[in-house]
Amino acid sequence: MSQELPSQYNPKEVEEKWFDLWAKTPLLHAEADPKKKPFTIVIPPPNVTGILHMGHALNNTIQDILIRTRRMQGKEALWMPGTDHAGIATQNVVERKIAKEGLKRHDLGRDEFLKRVWQWKEEHGSTIIHQLKRMGATCDWQRERFTMDEGYSKSVVEVFVRLYDKGLIYRGDYIINWCPRCQTALSDEEAPHRDLDGKLYYIKYPLKKTEDGRQKTEDGKTKKQKNIKTDYTDYIVVATTRPETMLGDTAVAVNPTDKRYKHLIGETIILPLMEREIKIIADHLVDKKFGTGAVKVTPAHDPNDYQMGKTHNLEFINIMHPDGVLNENAGDYAQMDRFEAREAIIEDLKERKLLLKIDEHKHAVGHCYRCHTIVEPYLSKQWFVKMKPLSKPAIKAVKSGEIKFYLKRWTKVYLNWMENIKDWCISRQIWWGHRLPVWYCQDCKAVLVSRVTPEKCACGSTKLEQDLDVLDTWFSSWLWPFATFGWPFLEKQSMDHGPWTMDKQKQELSYFYPTSVLVTAPEIIFFWVARMIMAGLEFMEEIPFHDVYIHGTVRDEEGKKMSKSLGNSIDPLDIIAQYGADALRFSLIAIAASGSDIFLSTERFQQGRNFANKIWNASRFIMMNLKDGVTGENIDQKTLKVQDIWVLSALNDAIKKVTKSIDTFKFNEAVNSVYEFFWHKFCDWYVEIAKDSIGDKNTQEVLLHVLKRSLLLLSPFMPFITDEISSKLPGKTNETIAIANWPVPNKAFENKAAVCAMELVFACVFALRNRRAELNLLPQVPLHVRLSTPEKKKKAAESVVSLIKHLANVAELDVTTLKEAVPNALSSLVDKDVHLDLLLEGLVDPEKEKARLDKQVADLVKQLRSKEVMLANKEFVKKAPQAVVEKEKERTVELKNTIGRLKEVRNAFK
RNA sequence: GGGCGCGUAGCUCAGUUGGUUAGAGUACUUCCUUGACAUGGAAGGGGUCACAGGUUCAAGUCCUGUCGCGCCCACCA
């Protein structure tokens with residue numbers, strides 16, 4: 001006995017009870033079945049400071065569709081959730097919080113500050129997890145991990161020590177990306193370049209007079225320097241976008257092949273403002289074509305110049321404090337902010353007539369990905385991972401096809417990065433994160449890298465101090481696929497999802513690893529995907545996943561990336577509140593074609609809401625008509641009607657299509673197939689037809705049968721509403737359909753004849769509705785109709801008479817095999833040799849109808865001609881596939897028949 | 001500078017390895033409110049598939065070029 005659905009679909013009411021239940025339901029078997037191939041996904045750990053945005057919503061919906069489908073298909077489907085500690089972001093959040101109390105982190109001290117961060121994490125860190133649950137994500141929540149968990153941290157330390165021992169981690173002074181606001185080093189990936197409208201300043205650097213008081217002169221100028229009028233007698237002109245760095249210049253460089261400057265190489269220059277003597281050097285790094293061909297060299301503040309500084313043994317002068325304020329090396333400009341100093345220096349140069357000109361100049365400048373401050377190339381002592389050795393197997397894994405990207409084009413992006421990989425700066429000058437497992441002996445200056453806190457140095461000293469830096473968050477994230485299982489199992493870890501033993505954890509890891517698929521956004525390829533592949537191959541000696549599905553970036557209507565900072569985001573939580581999580585999920589997936597970017601506006605979600613409403617009401621209608629004992633599983637095959645077979649066969653098609661589309665990561669196709677089937681086939685046609693025999697038990701069986709399977713097919717996309725409805729259907733077997741069985745096509749229901757017969761019904765009903773509209777006949781007006789068909793189709797036609805009568809309000813319908821046209825009737829071709837004549841005495845203007853028919857005939861003749869031309873083409877007949885040619889021939893015959901028939905009808909009008 | 005993607009209906013986009021008359025959602029027009037659903041039903045209008053060449057019996061689909069838009073990477077200071 002089925003329960004009733006409330007007459008109004010209320011997403012909020014429906015959804016709120018389900019995520020708790022899913023979270024409580026064991027989604028995995030207690031013991032992994034070694035015979036069953038698992039399906040594993042690890043969730044891209046969202047930033048612990050994060051709140052759900054559309055990107056997350058899309059990402060999680062896709063993963064949830066995959067995991068739900070595979071789970072229903074009987075796989076051991078594990079979805080490992082969690083969050084990463086997001087070092088810089090989280091620290092920033094907490095710093096902002098204590099700033100409200102008028103405090104800075106140094107006021108609190110490291111320990112106290114970290115306490116505050118943990119406190120914040122306890123209070124707010126699970127926000128995003130709750131939001132993911134609210135979206136319906138069926139993760140194995142009891143396995144939730146955090147990159148700062150005790151056990152996970154041990155993996156991080158283990159990895160650091162192993163890489164260090166292997167010589168793949170080193171420490172050194174290099175130019176790195178420095179964020180003066182966050183006051184930490186950043187990796188190259190964390191400092192994305194953005195184009196800025198900058199300026200290119202041309203500055204005169206005076207040459208030092210030679211000993212005899214004369215200056216060297218140049219013989220002749222080259223043609224290329226026409227636009228720069230330079231007095232080479234007294235000055236060399238350099239071009240720079242960052243004039244403030246000139247305070248740290250220790251040379252001027254020119255290209256050794258540059259004829260303009262050849263005679264000046266080795267000469268001395270007086271650095272303006274600082275009045276320091278610097279040399280002119282020659283280096284191939286200098287581009288002759290850019291600016292004046294002469295470049296100022298600031299080895300401590302530019303990566304290129306750093307290179308030159310090393311090769312030419314120049315002095316490295318750091319002119320900046322870590323916060324971007326100039327230091328004592330900056331002379332008069334000390335204590336000025338870097339941009340303030342720029343202005344001041346320009347003013348001073350102008351005053352001294354040393355500024356030749358300023359050009360507008362667009363150039364790309366690195367920005368901190370957490371606070372968007374312009375980063376400073378900064379010379380400092382940092383820790384690095386040597387990447388080349390790690391990248392080699394990672395390149396191979398993708399090239400060999402062991403790991404596949406969807407879409408394929410991302411492979412190139414990955415390989416390009418991997419093949420040009422640079423060493424990874426992993427130390428961060430912040431407090432929140434994994435402290436480097438490095439100690440320095442205060443006595444003998446030895447460096448100790450250790451898994452546990454060392455007690456004393458080899459020299460016997462106990463004065464050991466741990467490195468103050470912490471590791472890049474991604475240095476922990478890249479271990480996610482195996483560290484979340486407890487790797488490296490050094491000791492029994494406290495995992496809160498059961499009475500785990502180390503052995504069992506090891507078993508689990510070897511069962512679930514490598515994982516099946518990774519779903520993420522394109523910008524994460526370098527940060528995470530590439531590094532996970534390297535880590536997996538290095539530490540597990542196996543790839544971490546087989547497939548990488550890259551989905552699109554969610555953008556607003558103007559094509560901008562949706563982000564909080566731009567203020568253009570549509571909040572998924574608002575959409576959930578307004579339309580429901582099912583509508584959100586449905587619409588997101590329907591829009592998101594394989595990997596293309598997604599443009600969003602609120603209206604898009606109405607489609608999802610409307611569909612949910614349709615599902616609700618159709619289900620309600622079916623349920624309110626069910627007799628006791630109807631289960632949807634006891635269809636009597638012998639009494640199936642044409643329409644029953646047709647809908648069951650269409651259901652088979654839908655099952656096949658949806659399953660295949662999900663297998664090939666074409667989620668929009670999947671969702672459109674099930675939408676099309678449910679709404680436009682099942683509801684629009686079958687349910688309408690079924691109303692005529694709604695009292696029959698078998699009709700009810702079919703209705704329920706199709707409904708149940710439709711709900712299963714829909715459940716990965718719209719889990720809440722489908723589970724709610726299923727739970728109220730008779731004969732349900734599971735607590736939740738999240739663990740029900742995925743539907744499979746039933747061959748018994750495949751029947752071509754029935755499908756053809758139904759197509760005739762559609763064509764007839766369609767033609768008649770059309771006529772009604774043309775003739776302004778209300779649906780209530782009964783029609784008289786004759787169907788002319790060849791002998792062989794007569795039986796099929798007769799089998800659907802009652803359907804046509806019912807659907808098009810036809811009072812009389814004769815099926816004949818007569819070929820001649822009916823006078824005073826409107827004829828429609830409804831199949832290639834089946835005509836439908838609508839008898840209409842006096843209801844139609846013969847002249848008008850004649851004209852209409854003439855036009856129709858003319859159109860068809862045109863079509864026929866072009867077909868004839870095509871078929872006369874020998875090449876076509878020879879080369880085209882047989883089926884195509886046959887179809888064209890059939891079509892020609894069809895056209896000829898129709899034309900003849902229409903002419904007859906036309907002439908029958910008196 | 002290099003790489004990638006996109007130009008299809010008013011709008012947002014689908015369109016499988018080339019093969020009948022190019023589809024959907026939305027918007028628009030007309031009609032339909034007696035019990036599943038107006039968050040609905042029926043019918044309709046609307047496309048030179050950016051442009052120009054080429055390959056082919058056949059091109060929205062493949063190739064080349066042009067124009068427009070977008071993204072990513074890069075040490076032209």
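Letters A, B, ... mirror the listed sequences (proteins, then strands); counts begin at 1.
Checked by distance alone, A/Glu888 brings no side-chain donor or acceptor within 3.5 Å of a matching partner on the base of B/A58. In the interface, the side chain of A/Lys412 is not paired with the base of B/C4 through any donor and acceptor atom under 3.5 Å apart. Counting distance only, with no hydrogens placed and no angle test, the side-chain atoms of A/Asn304 and the base atoms of B/C75 include a donor-acceptor pair under 3.5 Å.
Ion pairing between a basic and an acidic side chain is recognised when a charged N comes within 4.0 Å of a carboxylate O; A/Glu894 and A/Arg891 show such pairing.
Not one side-chain nitrogen or oxygen of A/Lys887 sits closer than 4.0 Å to the OP1 or OP2 atom of B/U20. Here A/His680 reaches the OP1 or OP2 of B/G25: one of its side-chain N or O atoms lies under 4.0 Å away. Distances shorter than 4.0 Å separate some side-chain N or O of A/Trp679 from OP1 or OP2 on B/G41.
When the nucleotides B/A77, B/U39, B/C57 are ranked by their closest atom to the side chain of A/Asn610, B/U39 comes out on top. Taking every side-chain heavy atom of A/Val687 into account, B/A36 is the closest of B/A36, B/U20, B/C75. Of the candidate nucleotides B/A77, B/G3, B/A36, B/A77 has the atom lying nearest to any side-chain atom of A/His363.
Heavy-atom nearest nucleotides on RNA chain B were determined for A/Pro779 and for A/Pro881, and the one closer to the 5' end corresponds to A/Pro881.
Searching all strands for a Watson-Crick or G-U wobble partner of B/U48 with both distances below 3.5 Å returns nothing. With a cut-off of 3.5 Å on both Watson-Crick or G-U wobble distances, the partner of B/G1 is given as B/C73. Of the nucleotides present, B/C6 is the one that pairs with B/G68 by Watson-Crick or G-U wobble criteria, both distances under 3.5 Å. Judged by Watson-Crick or G-U wobble contacts below 3.5 Å, the nucleotide B/A24 has B/U12 as its partner.
Comparing the C1' positions of B/U33 and B/A42 gives a spacing of 14 Å, expressed to the nearest Å.
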